[in-house]
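Worksheet: one structure, shown below.
Side chains are part of it too, since the values below use all heavy atoms of this structure and drop only hydrogens, waters and symmetry mates. Here is how names work: the chains are called A, B, and so on, in the same order as the sequence lines, proteins then strands, and each is numbered from 1.
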Amino acid sequence: MTEPLLAVRGLCKSFGGIAATDNVDLDITPGEIHAIIGPNGAGKTTLINVLSGLLPSDAGTIHFDHANITRASAPARCRRGLARSFQITSIFRNVSALDNVALAVQSAAGHSFRLWRPARRDPALRGPARALLERVGLADRATVMAGNLAHGEQRQLEIAIVLATRPKMLLLDEPMAGMGIEESERLLHFLRELKEQYTMLLIEHDMDAVFALADRITVLVYGRVIATGTPQEIRANPDVRRAYLGDEAAA
Amino acid sequence: MTVETPATVPQSPRLTTRLRDARTSVALLLLAIAAITPVAAPALGQPFYVDVTARIMIWAIAATSLNLILGYGGMVSFGHAVYLGIAGYTVGILAFDNITNGFIQWPLALLICGLIALVFGAISLRTKGVYFIMITLAFAQMLFFLGISVEKYGSDDGLLIFTRSEFDFGFAELDLSDATTLYYVIWILLIGSVYLSHRIVNSRFGMVIQGAMANETRMQAIGVPTYRYRLTAFVISGMMCGVAGLLSANFERFISPDVMNWPRSGELIVMVVLGGMGTLFGPILGSVAFLLLSEILSTWTEHWHLIFGPFLVLVVLFARGGLSGILDRLTGRADR
């Protein structure tokens, strides 16, 4: 068995007595797409927030790529190669799409204590940023102010920003949230393409997408892992059927 | 920051393309007027305006420095005038002790400004929003009261500076006791401050500072430890404000604690907001408008604040982006 890229043990996070993440164990092997599903309020986004370092954990350990990152800051985790997207699009709305990606490229390129040369004319930043916009299908929208992009385009931009940080692993928080059927379809295809390159932890509400994409699925209910397994195993698991899939699985 | 925005953004705003927009033209015109004022004002029988212009330029440097962190970094420092005092007192105290060499005075003044900004910034940047405002205010007031309590250097009566900073290059001497020379040193340093800001805000560093203001969480999530960049900007800004402080001390040949009292810091914020936060020339427009208006209004009535206050409210209410915003709208350019 290969060593997991991300290994989580006994992870806990509570908000005023309510356990949002309750003693979670998780192993993500390199190259897999691992989906986290669960009903609303199951603590999926909290889990990603704790994994990405935006929230401190109360207990437990997180190891990523042979390093203990339990106490590492969010920027440090990103620079180690653990990059995240946000469920509610988080972009720099007042600048162009290209500027958004270029800033992430800049961050991956090392420190930013460069105070003299104009960043917007730096081919070392603009070039890779353009290539990434092209890759997510936003090449012709590069100069549009990010806040003025359509919702689906902003979701694509979000992915481009994440990829620009040169990650080893992606934490994707509902990448398809609010997307139309056609857009979701395209993103699904794109994520499958990305699988060649990146390990992924994916939160998604679209069950068809989850079962089509994921190698393994973890089911979270009230912050607790109730099952982990292949899509087939999850589909057949009686606890999961009772707790979550309900009618959907029976249908 | 929700600003009405055009569909596309201009890429790489070069200075040459900037020349076309109204606010830049007006700012350059103002700088040109300032350049000929020492000749033109006496010729027009208004020599008094030479000093007015010099003072405006000194405040414009201070406002430009504040704009760097307030307008581009979202850091509302309510104690920024403290650096005027720190640099001013460095010059004043050294002169008091007969050290009038500018090569010692000026670097030392800026070094002390930088160190104090480092300490103040390191602590206050741990906080956000209204707490940041209160802490920067508290730090500044601390030094204000220190200035008041030190009797050796004049306490609240202030300190007269008998000799201006002396720069002896060996082959030549920069004589600041000559009013015109000092005037053009101020003029050049104002242009230098604006140009430095221009370079900084468009550099990689500037991108980080502006990104951290727009979306701090995203900035962290793409791997940027924002604190150290903010702190660096805070220090640069404090030192740039120190330039205004040492110029003011030399120009007035006087320094008193009042220059770092909180109303001065408030006026600096007003100048930046009035001119247009986060615009290169906004602070110049703001300080010209603020100081000229108060100058003119105060000759009409001693209750000039009664007119100035509502004017300020109107600008803030109806002119987003301050005077820069008004100029842009007049010329149909909707850039922020």
Inset, instruction - Can you measure from CD1 (B:I200) to CH2 (A:W116) and round to the nearest 0.5 angstrom? - result: 8.0 Å
Legend entry - Nearest heavy-atom neighbours spanning A:R117 and B:R199: CA-NH2, 3.9 Å
Legend entry - Closest non-hydrogen atom pair between A:R79 and B:G223, with its separation: NE-O, 3.2 Å
Legend entry - Shortest non-hydrogen separation from A:F92 to B:A214 and the atoms involved: CD2-CB, 4.1 Å
Legend entry - Any donor-acceptor N/O pair, B:S203 side chain to A:R114 backbone, under 3.5 Å: yes
Legend entry - Spacing of B:T232 atom OG1 and A:L115 atom CG [to the nearest 0.5 Å]: 7.5 Å
Legend entry - Distance in Å, A:H111 NE2 paired with B:Y229 OH, rounded so as to fall on 0.5 Å steps: 7.0 Å
Legend entry - chain B contacts, top residue of A:L125, A:N100, A:I91 (heavy-atom pairs, under 4.5 Å): A:L125
Legend entry - Point-to-point distance, once rounded to the nearest 0.5 Å, from OG of A:S90 to CZ of B:R218: 5.0 Å
Legend entry - Flag side-chain contact, heavy atom, 4.5 Å: B:M219 against A:L103: yes
Legend entry - B:Q220 (side chain) donor-acceptor with A:L54 (main chain) under 3.5 angstrom: no
Legend entry - Derivation of the side-chain contact (heavy atoms from CB on, under 4.5 Å) call for A:D122 and B:R204: CA-CA 9 Å; A:D122 189 341; B:R204 289 191 183 200; 2.8 Å; yes
Inset, instruction - Of all the heavy-atom pairs spanning B:V224 and A:P75, show the shortest one and how long it is. - result: O-CG, 3.6 Å
Legend entry - Neighbourhood of chain A inside residues 110-129 of chain B, taking heavy atoms under 4.5 Å as contact: none
Inset, instruction - Please tell me if the side chains of A:Q106 and B:V208 come closer than 4.5 Å, counting only heavy atoms from C-beta onward. - result: yes
Inset, instruction - Check the surroundings of atom CZ in A:R166: do more than 12 heavy atoms from other residues, nucleotides or ligands lie under 6.0 Å from it? - result: no
Legend entry - Which atoms of A:T165 approach chain B - backbone, side chain, both or neither, heavy atom under 4.5 Å: side chain
Legend entry - Closest approach of A:C78 to B:A221 (non-hydrogen atoms, all atoms of both residues): SG-O, 3.2 Å
Inset, instruction - For B:L29, look at atom CG and say whether over 12 heavy atoms of other residues, nucleotides or ligands are found less than 6.0 Å away. - result: yes
Legend entry - Enclosure of A:E134 CD (heavy-atom neighbours >12, cutoff 6.0 Å): no
Inset, instruction - Return yes when atom OH of B:Y131 has more than 12 non-hydrogen atoms of other residues, nucleotides or ligands closer than 6.0 Å, and no otherwise. - result: no
